[in-house]
**Q** 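Let me give you the structure first, and then I'll get to my questions.
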Amino acid sequence: MTAPDRATLRWLFRTMVTIRAFEEKHMQEVNAGKPIGGGHSSIGEEAVPTGVCAHLTERDFVASTHRGHGHCIAKGVDVKGMMAELYGRATGACRGKGGSMHIADVSKGMLGANGVVGSNLPLATGAGLTAKLRGQGQVSVSFFGDGASNQGTFHESLNLAAIWKLPVIYVCENNLYAESTPVEYSTAVRDIARRAVAYDIPGLIADGMDVLDVYEKAGQAVERARRGEGPTLLECKTYRYFGHFLADDPHRYRTKEEEESYRARDAIASFKKRALASEWLTQAEMEAEEQRAQALMDEAVRFAEDSPPPSLDDLVTDVYVSYPRIKV
Amino acid sequence: MTAPDRATLRWLFRTMVTIRAFEEKHMQEVNAGKPIGGGHSSIGEEAVPTGVCAHLTERDFVASTHRGHGHCIAKGVDVKGMMAELYGRATGACRGKGGSMHIADVSKGMLGANGVVGSNLPLATGAGLTAKLRGQGQVSVSFFGDGASNQGTFHESLNLAAIWKLPVIYVCENNLYAESTPVEYSTAVRDIARRAVAYDIPGLIADGMDVLDVYEKAGQAVERARRGEGPTLLECKTYRYFGHFLADDPHRYRTKEEEESYRARDAIASFKKRALASEWLTQAEMEAEEQRAQALMDEAVRFAEDSPPPSLDDLVTDVYVSYPRIKV
Amino acid sequence: MTTTAATRQITYGEAEREALREEMRRDPNVIIMGEDIAGAAGRQAQGFTDAWGGPFGSTKGLIQEFGAERVRDTPISEAGFIGAAVGAAATGMRPVADLMFIDFMGCCLDQIMNNAAKMRYMFGGKSKMPLTIMTRIGAGVGSAAQHSETLYSMLTHLPGLKVVAPSDAYTAKGLLISAIRDDDPVIVCDHKRLLGRRGPVPEEPYTWPIGKARILKPGKDVTLVGISLMTTVCLDAAAALAKDGVDAEVVDLLSLSPMDDEAVLTSVRKTQRLVVVDEDTPRCSLATDIAALVADEAFDFLAAPVKRVNAPHTPVPFSRALEQAYMPTPQKVVDTVKGIMG
Amino acid sequence: MTTTAATRQITYGEAEREALREEMRRDPNVIIMGEDIAGAAGRQAQGFTDAWGGPFGSTKGLIQEFGAERVRDTPISEAGFIGAAVGAAATGMRPVADLMFIDFMGCCLDQIMNNAAKMRYMFGGKSKMPLTIMTRIGAGVGSAAQHSETLYSMLTHLPGLKVVAPSDAYTAKGLLISAIRDDDPVIVCDHKRLLGRRGPVPEEPYTWPIGKARILKPGKDVTLVGISLMTTVCLDAAAALAKDGVDAEVVDLLSLSPMDDEAVLTSVRKTQRLVVVDEDTPRCSLATDIAALVADEAFDFLAAPVKRVNAPHTPVPFSRALEQAYMPTPQKVVDTVKGIMG
Ligand SMILES: Cc1ncc(C[n+]2csc(CCOP(=O)(O)OP(=O)(O)O)c2C)c(N)n1
Ligand SMILES: Cc1ncc(C[n+]2csc(CCOP(=O)(O)OP(=O)(O)O)c2C)c(N)n1
Ligand SMILES: [Mg+2]
Ligand SMILES: [Mg+2]
């Protein structure tokens, strides 16, 4: 493949370092005992949302998971609003009512993180239906894990999208684990992409530690969708460097060697090396991006900490657009 | 393949004609305005439960569907109890409380017809788990339709059975329609058997109009299961001669030519021809079986009509094994 | 809400079809999806179309006017297609999803409960969910335990959902139009035994407000609250009671969530007696909900124990005799009323 | 039920683990299945085992004693594995299925509602369903809308199911053992905030009868009915009320279906006042169920409106301050009681 243009390369790098900076900041704040919700870190997996969302605009749709911070950032959700949401503040993306597992910005096509495993696939399928009915070339993406690929919604969604030729890209982030359960135990097929056979659609595999490989394969899938040819299943082989959630110790179910082998192929570090070698971006440019991301996170935390909590009246608002009254 | 032994051949014929006689009798009684529930006729599909259940004993398990009369008969449920159940009588298989869609006889390993499409696959999977834990070579069979193959439970069950190597045979009765919906519309793959790829298990196809082909393929699957090698997906291509339920007119969604092409390959008629040509069974033997089936149905109807309805107290019994009291 | 005198009589099912047709004409974002809602899907070219029009014919004819893009037959995948309707609603469509029988809600409850009902709240009010789910409820047609449930109580329990249960052709059309135009998710529960009943229905579009009950028969001695088919049971009971000199007021609930608390309370404050008639099984049901409301907010007006007539705490039996015994009947209501008339 | 004086204090979670261990020793048909109930599934050979022991450690150690055949980690497929537990129960096993959070019941309700709950009835009493489902309920731990629900009211609605909600370590062990030994399907609802609380628990196996409530504090002025964590809220409220001279009786419901109607009615007939405290959302809830029972069967004894303290009709909010406001608290109970002490 030929490398994407410089602006795209820069966006890819910026997005990956922003995701990592956000996740690291969140972890720091939690470890420092800040009054902030925990969550599921996506450190290690940055290349996947980045490589996929590089092909999307705000008019396209994304449905995300419990491990959704990276998807939100890659889809353009405001980082300050995200941080404030983790702090449960009125200025949060969801005005403090959603928290880490429900960050959303429908105006940006981000249909929400989702705390129920497998629950977002039908949502993304429905967004794809909207796209198809509108006929303006929008596409829809569902991110989900290896564990989620065993839910019935996976099957029902892919079948539906296939028979209706919906412009949906089903992106399986195969990070080898669902909580402490190894994929080779839970999933009766070696490559999840192979499950595409059951719906007669393309099943692609990308190296989820290589943002350019994800970018390329996702590009094929997005183009196919925009051409009206229907859905694609794209499996990205990736890895989460930390536990399932912030307090989980992954060494109870996997080896340090395995972790090291993935860290050695870290998506950001290897992109950096290649970018320098191929003269895509300069060292200075990349350092500037990293500093920018750090500064943004500091600003985001300040913003969150300075923001007020929701008013107690908010307990009973937003349940409905219209409803007579909800008693407390 | 070599033909099965004479006793088996006779059983196959007897079972097919018993199923057909039962279904025809039911249809007659309904059309005659008898006080009896409607139901989903399996006329045309007799070869499938027959060819599969020929490999089972009472200790094996079967989970069935809304179109379950044939499965029940092939699994040895008493025909008089079945007929009485359709009449809602106290002597019915379910004491009149279940009706056509819930006929069961757990003592015979028949875990029930089931009115929710796709709902029986997890049940059969669980029976397979019992079989595996008991370690006595029992197997479990789920019958389900082409339509059901799009339910999430299909996916979840096959994955579970595959990773646990459960002795389950998933028998898809592909009769081309789910109510009025053609399989080529609803199902994103040409051969449903192909979906086995997603679970790395064998996917077999049998001609569901040929009881010997079903018998052979089911035999492979049952043997594999008994050997402890895990589940098989067996697709049987078959056809229902009548509407989805007794009052449905199928000519609103399919051609008479299509119907004729299947009737021309009728499982009972073609078996008869072959049995005579190959001297498996004599004309007289087969006629005797047909008469026997007719007589059995007459007797079953008499039995049902002579039976009392459940007592009104039965409304509140059988909800629980133990519960203080249920008010009416 | 309109008060046009309507002389034309059509069935409940036809009234719903008319509501769908009018709303689909009015708003291109309205689409319908469900199993066999047209039928013979994909076979237009072979001369087959609209084979079923839904299991009860409520969507018959729509595909001919609006085409297969907007009237979408689905595979049997309730979580998949109802979840897709949720996703379509979140992104600007106004879908109507058909859940053939409410008994199947266990196949798709996650999509209804965790996505449709909660998205707006979880997202801080920054989304809408203009989703309608049509479904069929009720026993009395010999369909046994898995095709005869009522179950609206479970959906009423869930914040974020609206739930309505029309009781005749007129309210069927008005409530379905309201549901489609509503920006919140609305579940419309249609009793199988009401679908074929005729009643006067204006031809033009109109709405019946979600959240509003109506008094079908004024009375002063006892309040009967009916839901869906049970409203007709209340009317029959009221007629029988009248002969015995008991003047019952019949409240037709129509909306289960939001519920017209005031209509119920006002009636009970006047009659001082309440019998709720609810086909759903008794525990944690609409009947207990209404009884609890009254025992709290109209307590000082009550002259007698608050009574409920429900189906028993059992699945729906197949045998006709048992199914008959299962249903709340006018006679049971009459007996219950007599028990508290003191 | 035993009355052995127990001095040993263990947590609610440990008590459940002990119940599971004892029952698995007693009956080889008892198996456990669920997501990460052991953890590191399939990696024993690599030296990994029992990595999680369930999301809250309730099943920790069991795989070491009973092996991976009887302590089965499952893929994320609630309909699949809970349905499989139903099928295993129908064929002679005595499975305990772990549904991580009750919020996920929408993924598997069909199996619970249409198979587990109805099979015996549909089959004319000719089958048994010795299935236990353990699940976690409740808010107050910052888990937001999809991991904090209570929802037992929806399961209580369903005939054929039994539903229990222990309130401390002692009842947790006794009820779980009863559930496992019961031939009907039992849902055991464990509040996340109770799992870590300690209490006296006898070491030997014992049962707490399903269907039996207990009086935790006798009193004569008002009855407080608590469920699960709310029982402790009632006790705190009762302590506060005592200072103001109000003598509250606290009924710990424990069994939601069957419910100990008599315990509630007897208490209310004595105290003449009732406040039900229920963390579930209010509509068609256990609270309305109990209120309706009392407004019917103890009406003549009532001296005041029947009151309920529930969570509001909203999803569970994330922000701490809002979540705090969402929960029923002792203060809300005290205020409610004062409002009816006349
Ligand atoms: C329906 C459902 N079941 C179980 C859970 C608990 N749970 C949360 S995340 C998770 C593992 C998900 O694994 P995977 O899909 O591979 O995503 P990953 O966490 O690896 O990103 C589980 C079991 C849930 N949230 N929803
Ligand atoms: C969950 C669910 N959805 C819908 C229905 C209504 N329904 C009953 S049978 C049927 C078609 C089933 O088709 P298939 O699985 O192919 O079996 P067949 O009837 O052809 O034997 C449908 C949609 C149902 N019973 N359950
Ligand atoms: Mg994973
Ligand atoms: Mg079929």
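Side-chain atoms are counted along with the backbone in the values below, which use heavy atoms only and exclude waters and symmetry mates. We name chains A, B, ... by the order of the sequence lines, and we start the count at 1 in each one.
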**Q** Most heavy-atom pairs under 4.5 angstrom with chain D, which of C/Pro282, C/Ala304, C/Ala298?
**A** C/Ala304
**Q** Could you report the tightest heavy-atom contact between D/Ala292 and C/Arg308, atom names first, then the distance?
**A** O-NH2, 3.4 Å
**Q** Would you mind checking which part of D/Val316 comes under 4.5 Å of any heavy atom in chain C, side chain (CB onward), backbone (N, CA, C, O), both or neither?
**A** backbone
**Q** Compare all side-chain heavy atoms of D/Asp110 with those of C/Phe104 and state whether any distance is below 4.5 angstrom.
**A** no
**Q** OH of C/Tyr121 to CZ of D/Phe318: how many Å apart, nearest 0.5 Å?
**A** 12.5 Å
**Q** Using side-chain contact (heavy atoms from CB on, under 4.5 Å), reason through D/Leu151 and C/Met113 one step at a time and then give a plain yes or no.
**A** CA-CA 11 Å; D/Leu151 291 184; C/Met113 176 172 99; 3.8 Å; yes
**Q** For each of C/Ala287, C/Ala295, C/Ser257, C/Cys108, tally heavy-atom pairs with chain D at distances under 4.5 Å, and name the one with the top tally.
**A** C/Ala295
**Q** Using a 4.5 angstrom heavy-atom cutoff, name the option from C/Asp300, C/Leu158, C/Leu293 with the most pairs to chain D.
**A** C/Leu158
**Q** Output the option from C/Ala291, C/Cys107, C/Ala117 having the highest count of non-hydrogen pairs under 4.5 Å with chain D.
**A** C/Cys107
**Q** Taking everything shown except C/Lys128 itself, do over 12 heavy atoms lie less than 6.0 Å from its NZ?
**A** no
**Q** Does any part of the side chain of D/Leu161, heavy atoms only, come nearer than 4.5 Å to the side chain of C/Arg283, both counted from C-beta?
**A** no
**Q** Just give me the residue among D/Pro312, D/Ala79, D/Pro317, D/Ala144 that pairs up with chain C most often, heavy atom to heavy atom, under 4.5 Å.
**A** D/Pro317
**Q** Just verifying a value: how many Å separate C/Thr288 OG1 and D/Asp296 CG, rounded to the nearest 0.5 Å?
**A** 12.0 Å
**Q** Looking at C/Ser285, is its backbone amide N or carbonyl O close enough to the side chain of D/Asp289 to form a donor-acceptor pair, meaning the two atoms are under 3.5 Å apart?
**A** no
**Q** Highest number of heavy-atom pairs under 4.5 Å with chain D: which of C/Lys118, C/Met259, C/Glu297, C/Gln111?
**A** C/Lys118
**Q** To the nearest 0.5 angstrom, please state how far the NE2 atom of C/His157 sits from the SG atom of D/Cys284.
**A** 8.5 Å
**Q** Counting only heavy atoms closer than 4.5 Å, note whether D/Leu302 contacts chain C via side chain, backbone, both or neither.
**A** both
**Q** What residue in C/Gly124, C/Ser153, C/Ala145, C/Pro305 has the most heavy-atom pairs under 4.5 Å with chain D?
**A** C/Pro305
**Q** Report the distance from atom CE of C/Met105 to atom CG of D/Asn114, rounding to the nearest 0.5 Å.
**A** 9.5 Å
**Q** Find the distance between OG1 (D/Thr156) and CE (C/Met154) and round it off to the nearest 0.5 Å.
**A** 9.5 Å
**Q** Which atoms of D/Ala311 come close to chain C, meaning under 4.5 Å heavy atom to heavy atom: side chain ones, backbone ones, both, or neither?
**A** neither
